Asks: 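Dropping the structure in here first, questions after.
As the structure is a prediction and not an experimental result, all values here were calculated from the model.
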Amino acid sequence: MHRRTASALSAALLAAAPLLTACGSDAHPGAAAVVGGDRIEVAALQEQVRDVRTAQEASPQAEQLVKATGDLSREKLNVMIFDRIVERVADDHGVSATRKEIQQTRQEAADQSGGEEQLAAMLLQSQGVAPDEIDTAVRRQILMNKVAAKLGVGNTPEGQRKLAEVFAAASKSLDIDVNPRYGSWDDEKIQLGTYTAPWLRQLTKRPQPVEAGA
C-alpha cells in the first residue's frame, strides 16, 4: 500500500464513525436491533459500551471523553449495524480484507499517528473506539475503500452519489429493525434518525479507494 493511501486511511479512521437503526418494535425482546435476520443483542451492545467507558476512564482526558460521548449506546449500535451493511456490500462486490492487510494497514496508520499508543488514543477520542475494536475499524475502512475502487468511484459528485446509492440499497435489503429505545433508521440517508455520522460525510464527500491488490 502506498504511503499516500496510508495517509488517507489514517485520516479516514480518525474522521469516520458509522451509523444505524430502523423502525423498531417489541417483536425481538432482548435485541437492540435485527439486521438481515441476525440479532444484535442488548448484552453485546452493553459490552462494547463498557469497553469504551473503561478505556475512557483510564485516559488523562477521562472527564472530557465521557462528556463528549454521552449517547454512547446509540453511537455504538450505529457502528455495530453499519458493520453489517459494509459486510453485505463487500460480499455483493466480491471484496474482502485479509488478516495480513489489516495488520499492515493498522501498522501504517500507527506509524502515521506516531505509534500504536497515539493511534489508540486518537481513535478513542474521535470515534469512541476501544483498543480491542481497532482491528474492526481498520477492516471496515479497508472494505469500504475496496468497494469504492471496485466501483471506480472518484471524487466527483456522480461517483459519490453512486457509492451512497450502493450502501443505501444494501441497507434496505437488510430490513433493519431497531429497538425503539434507540431510535429509527433511515435507509435513504443511511443514518439513525437525525444523527449525522462522520462516516456519512466521508462516504458522500471523500471516498478514498485503495489498490485492489493492497
Asks: Are more than 12 heavy atoms, taken from residues, nucleotides or ligands other than Glu41, located less than 6.0 Å from that residue's CD atom?
Replies: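 Enclosed.
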Asks: Is there a donor-acceptor contact under 3.5 Å from the side chain of Ser171 to the main chain of Phe167?
Replies: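 Answer holds: no.
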Asks: What heavy-atom pair brings Val89 and Ala170 nearest, and what distance separates the two atoms?
Replies: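 Answer, listing the atom of Val89 first, then Ala170: CG2-CB, 3.4 Å.
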Asks: Check the surroundings of atom CD in Glu63: do more than 12 heavy atoms from other residues, nucleotides or ligands lie under 6.0 Å from it?
Replies: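 Atom CD in Glu63 is not crowded, with 12 or fewer foreign heavy atoms closer than 6.0 Å.
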Asks: Hydrophobic clustering (ILVMFWY, side-chain heavy atoms < 4.5 Å, transitive) - are Val42 and Met80 grouped together?
Replies: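 Yes.
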Asks: To the nearest 0.5 angstrom, please state how far the CD atom of Glu87 sits from the CG atom of Asp38.
Replies: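 Spacing of CD (Glu87) from CG (Asp38) equals 11.0 Å.
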Asks: Looking at every heavy atom in both Asn179 and Ala31, which two are closest together, and how far apart are they?
Replies: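 Taking Asn179 first and Ala31 second, the nearest heavy atoms are ND2-O, 3.4 Å.
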Asks: Locate the shortest heavy-atom distance separating Val52 from Gly128; write the atom from each residue and the value.
Replies: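 Of all heavy-atom pairs spanning Val52 and Gly128, the closest is CG2-O, 3.1 Å.
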Asks: Considering all heavy atoms of both residues, which atom of Ser173 and which atom of Arg88 are nearest to each other, and what is their separation?
Replies: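 What the structure gives for the nearest pair is OG-NH1, 3.0 Å.
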Asks: Check whether any side-chain heavy atom of Val79 sits under 4.5 Å from a side-chain heavy atom of Gln48, and report yes or no.
Replies: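 Contact flag for Val79/Gln48 side chains = no.
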Asks: State, without any angle test, whether Arg53 and Thr69 hold a side-chain donor-acceptor pair at a distance under 3.5 Å.
Replies: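 Arg53 vs Thr69: donor-acceptor pair found between side chains.
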Asks: Give me the atom names and distance for the closest heavy-atom approach of Leu174 to Arg84.
Replies: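 Leu174 and Arg84 have their closest heavy atoms at CD1-O, 3.9 Å.
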Asks: Say you draw a straight line from CG of Leu143 to NZ of Lys150; how long is it, rounded to the nearest 0.5 Å?
Replies: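 Reported to 0.5 Å precision, the distance equals 12.0 Å.
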Asks: Report yes if the side chains of Thr105 and Gln141 come closer than 4.5 Å at any heavy-atom pair, otherwise no.
Replies: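 Thr105 vs Gln141: side chains apart.
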Asks: Are His93 and Val166 packed together at the side-chain level, in the sense that at least one heavy-atom pair is separated by less than 4.5 angstrom?
Replies: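 A side-chain contact under 4.5 Å exists here.
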Asks: Salt bridge between Arg139 and Glu101, side-chain N to carboxylate O under 4.0 Å?
Replies: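 No, no charged N to carboxylate O under 4.0 Å.
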Asks: Going only through I, L, V, M, F, W and Y residues with side-chain contacts under 4.5 Å, is there a path from Val66 to Val49?
Replies: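 Val66 does not cluster with Val49.
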Asks: Which atom pair, heavy atoms only, marks the closest approach of Leu77 to Leu45?
Replies: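 So the two residues come closest at N-CD1, 3.5 Å.
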